[in-house]
Amino acid sequence: MKSYLSHIECTLCGEIQNANHVHRLCPECGGVLYPRYDLKAAAKELDRKVFKDRHPSMWRYFELLPIIDPQNIVTLGEGFTPIFEISKVAKTLSCEKLFVKDESLNPTASFKARGLSAAVSKALEFGISKLTIPSAGNAAGAMTAYAAKAGIESYVFMPKDAPEANQKEVFISGAKLELIDGLISDAGKLSAQLANELDLFDVSTLKEPYRVEGKKTMGYEIAEQFDWSLPDAIIYPTGGGTGIVGMWKAFEEMESMGWIDKKRPKMFSVQSEGCAPIVKAFNDGKKHADPWENASTIAAGIRVPVAVADYLILQAVRESGGKALVVSDESMLSWMKSVASLEGMFFCPEGAATLAALKELLDDGFLSGSERILILNTGSGLKYLELVGMPEISKASN
Ligand SMILES: *Cc1c(COP(=O)(O)O)cnc(C)c1O
Ligand SMILES: [Zn+2]
């Protein structure tokens, strides 16, 4: 097996970089860098049918991932998560074809495993021995797990009110954990500072080119699992946006290889009322988002006041004909309860947010009940036990 990785390209100014060198943001303009592949050769030599017989992890798409030597793959079994139809929830919403991709079944119980498996593998390939990460929670748990497996030293900066499960998974892995009095954006500054001082590689999302490659595998899987015919709509809880831009990138790559047609799902970016920079920029018709002041939400994974890839998220949502929308924390708690009681799935609040958004989209007529709709449950509710037993959850009903 060989990777078709060819070069690194800036998504903002188009400048090209050598894929064999270590990069973070574009040295010319500070834009987000994407790995690019020789898709012409891949289209000729690679048949999408080959994946069927491969092992069920995201590494089944090795040719379209940025690792050169398969020996460098650091894996805990991430990806190829199931897609379920959730017809009882669908019935309460009066829609016909509702599916969930259940990312809670990833190692470390969230889809952050995908991005960090890719980034830590690439770090290993580059011979990097120390990593640092600012995280709202789940990214830290994933990074430290993969770093431990790879034998790479790791440092974490996380808000002190991040979910307890995230703090503990970092602690148990032996990583150096610093809890800070602030948000992920403040953690980002400290992480960058320490990276400079101690020569650590900072794996902040989209400030290095590889996490997005791990997350884009969701896009490949969705295509393969839906037999190469994408759903009509995808609803995604958005923090840094790595997942949504990753899926969008996967769709482009697959179209250029002739694996899927031109038709794209409408992409919906969901944020919380208490932290909605992307929604605000979407509604204001802006290309970039302003930092969100005093960000606050129970959905730790989307408590992200600043996203470097804001322009890529907004572009994907706009080009797809979707939209960005907010939901309340109460509605997330209420949907966590409904999904658990109707479908037996313990969603994270971010996953539940997609259902609250879907209800609004159906009520407003933005989506019709006959469309094929896919939501992402990005992590497990078991990582947010603090939320269960809050008075709101027992009061909540819908
Ligand atoms: C990080 C995270 C998100 C947001 O993901 P992005 O790709 O950064 O937008 C959503 N849900 C959960 C559970 C997360 O941990
Ligand atoms: Zn650039």
Side-chain angles (χ1 to χ4, degrees), residues 8-17 23-34 101-106 108-116 133-143 158 162-163 165-166 169 184 188 203-207 209 211-219 234-249 267-272 275-278 289 297-313 316-317 324 332 336 346-354 375-384 387:
I8 306 282
E9 185 183 29
C10 177
T11 54
L12 208 52
C13 75
E15 197 73 29
I16 303 238
Q17 307 291 339
H23 298 285
R24 296 198 63 245
L25 290 168
C26 174
E28 308 295 327
C29 76
V32 171
L33 295 178
Y34 272 177
K101 186 159 180 61
D102 190 9
E103 291 291 302
S104 74
L105 297 168
N106 275 300
T108 71
S110 93
F111 74 151
K112 291 294 194 302
R114 295 176 186 268
L116 274 312
I133 197 170
S135 170
N138 285 320
M143 193 273 252
M158 189 155 62
N166 296 132
E169 64 186 338
I184 184 174
V203 285
S204 301
T205 200
L206 290 157
K207 290 189 182 169
R211 278 174 67 180
V212 67
E213 295 300 288
K215 276 200 179 168
K216 87 176 177 189
T217 57
M218 290 190 291
I234 294 181
I235 311 182
Y236 182 83
T238 306
T242 323
I244 196 163
V245 302
M247 287 187 279
W248 197 245
K249 182 175 192 282
M267 305 296 279
F268 295 94
S269 172
V270 184
Q271 298 197 302
S272 163
C275 181
I278 299 297
T297 167
I298 56 165
I302 56 175
R303 193 170 59 148
V304 180
V306 180
V308 252
D310 51 4
Y311 62 101
L312 295 172
I313 304 169
V317 170
M332 294 180 208
M336 280 171 76
F346 193 174
F347 271 29
C348 60
E350 296 86 348
T354 64
I375 61 164
L376 281 113
N377 177 40
T378 44
S380 170
L382 287 169
K383 296 186 93 172
Y384 301 77
L387 299 182

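Throughout, numbering of the chain's residues begins at 1 and tracks the sequence. Every number for a ligand or one of its atoms is a count from 1 in the order of the listing.
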Task: atom 7 (O) of ligand 1: the protein heavy-atom neighbour that sits closest, reported with distance to 0.1 Å - done: Tyr236 OH, 2.5 Å
Open item on the list: Can you give me the closest heavy-atom contact between Ala300 and Pro163, atom names plus distance?
Closed with: CB-CD, 3.6 Å
Task: Contact (N/O only, under 3.5 Å) between Gly243 and ligand 1 - done: yes
Task: Taking atom 2 (C) of ligand 1 as the reference point, the nearest protein heavy atom with its distance - done: Lys112 NZ, 2.3 Å
Open item on the list: My understanding is that only one of Lys112, Arg114, Lys215 makes a side chain to side chain donor-acceptor pair (under 3.5 Å) with Glu103; could you say which?
Closed with: Arg114
Task: Where Pro305 and Ile184 come nearest, the two heavy atoms and their spacing - done: CD-CG2, 3.9 Å
Open item on the list: Quick check on contacts: which atoms of ligand 1 are under 4.0 angstrom from a heavy atom of Thr242?
Closed with: 6 (P), 7 (O), 8 (O), 9 (O)
Open item on the list: Using modelled atom types and a 3.5 Å cut-off, is there a donor and acceptor pairing between side-chain atoms of Tyr236 and backbone atoms of Gly243?
Closed with: yes
- [ ] May I ask you to check if ligand 1 and Gly239 share an N or O to N or O distance below 3.5 Å?
- [x] yes
TODO: Could you please compute the angle at the Zn ion (ligand 2) from SG of Cys10 to SG of Cys29, rounded to 10°?
DONE: 100°
- [ ] Answer yes or no: does an N/O atom from Phe111 fall short of 3.5 Å to an N/O atom of ligand 1?
- [x] no
Task: For Ala299 against Glu350, the heavy-atom pair lying closest together - done: C-OE2, 3.5 Å
Open item on the list: Just to confirm my numbers, could you give the angle made at the Zn ion (ligand 2) by SG of Cys13 and SG of Cys26, rounded to 10°?
Closed with: 110°
Open item on the list: Pairing donors with acceptors under 3.5 angstrom, does anything connect the side chains of Arg211 and Thr242?
Closed with: no
Task: Any Lys215 heavy atom less than 4.0 Å from ligand 1 - done: yes
Open item on the list: Taking side chain to side chain contact (heavy atoms under 4.5 Å, CB included) as the criterion, tell me which of Val32, Thr11, Leu206 meets it with Val245.
Closed with: Leu206
Task: atom 8 (O) of ligand 1 - nearest protein heavy atom and its distance - done: Gly240 N, 3.1 Å
Open item on the list: For Tyr384, which part has a heavy atom under 4.0 Å from ligand 1: side chain, backbone, both, or neither?
Closed with: side chain
Task: Side chain, backbone, both or neither: the part of Asn138 lying under 4.0 Å from ligand 1 by heavy atom - done: side chain
Task: Met218 to Lys101 - nearest heavy-atom pair and separation - done: O-CE, 4.3 Å
TODO: Considering only non-hydrogen protein atoms, determine which one is nearest to atom 12 (C) of ligand 1 and report residue, atom name and distance to 0.1 Å.
DONE: Thr378 OG1, 3.3 Å
Task: Proximal atoms of ligand 1 relative to Thr238 (non-hydrogen, under 4.0 Å) - done: 9 (O)
Task: Nearest atoms (heavy-atom pairs only) where Ile278 meets Ser269 - done: CG2-OG, 4.0 Å
